[in-house]
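The next block holds one structure in the form of structure tokens; read it before the comments.
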Amino acid sequence: MTPPQTVVLRRGDAGPAVAAVCERLVLSGDLPGDLPGDPSAADGNGQPVFDERVEQAVKSFQQRRGLIVDGVVGRSTYAVLDGARWALGDRVLRYVPGHFVEGDDVVALQGRLAELGFTPGKVDGLHGPGTDAALRAFQAAVGLTPDGTAGPETMRAFAGLRRSVSGGSANALREREHLRRSGFSLSGRTIVLDAGHGGGDSGAEGRDGLVEARLALDLARRIEGRLSAHGVSVVFTRTETTDGGSDEDRAAFANSCDADLVLSLHTDHSESGSAHGAATYFYGHPDNAKHSDWSVIGESFADLLLREVVARTGLTDCRSHARTWPLLRRTRMPAVRLDFGYLSHDGDAQALAQGHTLDLVAEAVVVALQRVYLGEADTARTGVLRLDDLRRHLESMRAAQASSVGSVGIVGRDRTVG
């Protein structure tokens, strides 16, 4: 039985939906095989109970899969848990508009297509239009009917094409090449700013009346002003009065904008009040050694952004992390989440209550974003590059580029005349 998408299961719940979760946890290896039938783990009707052991198994699964580790089975956790039971070839895969098939077998299919030179887009485990187009192109290339159905014939075709070279990631190479060809300038790009929470969800709350949703939107506006000055088109997933919806909804909105990059803004909170600092997150599978489902541009921006924020604000460096959260996974473009401090910590809260700190974070975002597009031409030390420096540096790069093009034209004319 598949629990409805609206059901959230947590410790103390019981019934058929919990039984379905237990079955999948057994298949994933996170729960002993005899636990669902253990009388001590069942209610009076013999239905499995979401007890401490099940909660720990859920947390173990979430940790391994890069999900939020809260021991609660919501929509995102269940979708990944249900998809973990499938290996490539276990079922027939086909693109269904409006209802993307999800699972580990889709990850394997996308990985194989990418290795063979057929680009499915992000290796995210979602059988969307990009995967469908890549699959049809592969089928046509090997002489099969390009019907977009990954069935027995397609599996046999894959089996006959073994990879002869190991190492590296085709997707990583494509991401880097796409970035290189897009140029170094920020002008003309579209950036989606996702201010966390909103609507009836205010997020974390801290001292002095600080509220996460309001802080995130305030920071987003400061970033927008600076990016707009560089010719960037900025789109918000929500406003002060509107709700951006779920992470899945926000990812779908970013995809509809055909954005170049998504930045999600949040603060954090801890019960102890001792945790403090800033952290960044990008799309990646934490225990994936091959890095096939990994955003190299997202990782680069997350790393640069965190270093710029820490250098400018003095917030503690809580590192950059690979995660498979829905907003990071479901966007077709690189997406990064920035947690810019803990509202539950006195020092962080005091700093974030000052507009000057938010200005520093906003400047860090713009500089880090520009450094991503500068690529190998970026030689600046972290924390020292300012917005005025960026403008002068870009002007000098354009002048050098124009001079180089002019020199090539002169040489070409000389050769023609000669």
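Keep in mind that the numbers below use all heavy atoms, side chains included, and drop hydrogens, waters and symmetry copies. Just so it is clear, the model here is predicted, and its values are computed rather than measured.
- Expressed to the nearest 0.5 Å, how far CG of Leu113 lies from CG of Leu116 amounts to 7.0 Å.
- Separating the OH atom in Tyr373 from the CZ atom in Arg189 is a distance of 4.5 Å, to the nearest 0.5 Å.
- In this structure, the side chain of Asp90 engages the main chain of Ala87 through a donor-acceptor pair within 3.5 Å.
- Salt bridge status for Asp124 with Arg329: absent, with no side-chain N to carboxylate O gap under 4.0 Å.
- Tyr281 pairs by the ring-ring contact (aromatic ring centres under 6.0 Å, His included) definition with His321, Trp325, not counting sequence neighbours.
- Legend: side chain to side chain donor-acceptor pair (under 3.5 Å) pairs involving residues 350-362, not counting sequence neighbours, sorted by first then second residue: Arg222-Asp359, Arg226-Asp359.
- The line from CD of Glu224 to CZ of Arg221 is 8.5 Å long, rounded to the nearest 0.5 Å.
- In this structure, Arg24 and Phe61 have side chains that are not in contact, with every pair of non-hydrogen atoms separated by 4.5 Å or more.
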* Criterion side chain to side chain contact (heavy atoms under 4.5 Å, CB included) on Val367 and Glu363, from CA distance to verdict -> CA-CA 6 Å; Val367 170; Glu363 185 175 75; 4.3 Å; yes
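- For Ser187 and Ser185, the side-chain atoms include no donor-acceptor pair closer than 3.5 Å.
- The closest side-chain heavy-atom distance from Asp70 to Gln62 is below 4.5 Å.
- With hydrogens and angles ignored, the 3.5 Å screen pairs a side-chain donor or acceptor of Asp348 with a backbone N or O of Gly277.
- Shown here for Ala195 and Arg238, the closest heavy-atom pair between the two residues is O-NE, 2.8 Å.
- In this structure, Asp339 and Thr267 have side chains that are not in contact, with every pair of non-hydrogen atoms separated by 4.5 Å or more.
- Taking every heavy atom of both residues into account, Val54 and Leu31 meet most closely at CA-CD1, 4.3 Å.
- Taking every heavy atom of both residues into account, Gly148 and Leu135 meet most closely at O-CD2, 3.4 Å.
- By the 4.5 Å heavy-atom criterion applied to side chains, Arg91 and Val101 are counted as neighbours.
- Classification of the Tyr95-His127 ring pair by plane angle, with boundaries at 30° and 60°, yields parallel.
- Atom-to-atom distance recorded for Leu9:CG and Glu55:CD is 12.5 Å, nearest 0.5 angstrom.
- Atoms CG and OG1, from Leu193 and Thr237 in turn, are 8.5 Å apart once rounded to the nearest 0.5 Å.
- Inter-residue side-chain proximity for Leu109 and Thr131 is flagged as met; some heavy-atom pair is nearer than 4.5 Å.
- Asp194 contributes no side-chain N or O that, together with a main-chain N or O of Leu263, makes up a donor-acceptor pair within less than 3.5 Å.
- The shortest distance between side-chain heavy atoms of Phe340 and Leu306 does not fall below 4.5 Å.
- In this structure, Leu27 CG and Leu81 CG are separated by 9.0 Å, a value rounded to the nearest 0.5 Å.
- Salt bridge present: Asp30 and Arg64 bring a charged side-chain N and a carboxylate O closer than 4.0 Å.
- Side-chain contact between Val73 and Val8: absent, with no pair of heavy atoms (C-beta onward) separated by less than 4.5 Å.
- Side-chain atoms of Thr280 come within 3.5 Å of backbone N or O of Ala302 as a donor-acceptor pair.
- No donor-acceptor pair closer than 3.5 Å links the side chain of Glu212 to the backbone N or O of Asp268.
- With Thr242 contributing its side chain and Thr239 its backbone, the two residues share a donor-acceptor pair below 3.5 Å.
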Run the side chain to side chain contact (heavy atoms under 4.5 Å, CB included) check on Tyr283 and Leu327 step by step: do they pass?
CA-CA 9 Å; Tyr283 174 67; Leu327 183 64; over 6 Å; no
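- Not a single donor-acceptor pair under 3.5 Å links the side chain of Ser300 to the backbone N or O of Val372.
- Here the shortest heavy-atom pairing between Tyr342 and Ser270 reads CD2-N, 3.9 Å.
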**Asked** Are His266 and Arg337 close enough, and set up right, to give a side chain to side chain contact (heavy atoms under 4.5 Å, CB included), and what steps lead you there?
**Response** CA-CA 7 Å; His266 290 259; Arg337 168 169 162 165; 3.5 Å; yes
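- With contacts defined as side-chain heavy-atom distances shorter than 4.5 Å, the pair Ser264/Leu338 does not qualify.
- Salt bridge status for Arg112 with Glu115: present, with a side-chain N to carboxylate O gap under 4.0 Å.
- Asp303 has a carboxylate O that lies under 4.0 Å from a charged side-chain N of Arg307, or vice versa, which qualifies the two as a salt bridge.
- A donor-acceptor pair under 3.5 Å links the side-chain atoms of Arg85 to the main chain of Asp82, judged by distance alone.
- Contact check on Arg53 versus Asp51 returns a salt bridge, with a Lys/Arg side-chain nitrogen under 4.0 Å from an Asp/Glu carboxylate oxygen.
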Q: Tell me, with the steps shown, if Thr149 and Thr154 meet side chain to side chain contact (heavy atoms under 4.5 Å, CB included).
A: CA-CA 8 Å; Thr149 300; Thr154 301; over 6 Å; no
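- Counting non-hydrogen atoms of neighbouring residues, nucleotides and ligands closer than 6.0 angstrom, the CD atom of Glu240 reaches no more than 12 such neighbours.
- Closest approach of Val211 and Leu343 over heavy atoms only: C-CD1, 4.2 Å.
- Cation-pi geometry between Arg330 and Phe100 is not met at under 6.0 angstrom from the ring centre and within 45 degrees of the axis.
- Under the 3.5 Å distance criterion, the side-chain polar atoms of Thr331 are matched with a main-chain donor or acceptor of Met333.
- For the residue pair Arg312 and Leu360, the shortest heavy atom distance occurs at O-CD1, 3.4 Å.
- His276 is linked by a ring-ring contact (aromatic ring centres under 6.0 Å, His included) to His345, counting only residues two or more places apart in sequence or in another chain.
- Without hydrogens or angle criteria, Thr313 side chain to Val309 main chain gives a donor-acceptor distance under 3.5 Å.
- For the residue pair Glu205/Ser344, the side-chain donor-acceptor check at 3.5 Å is not satisfied.
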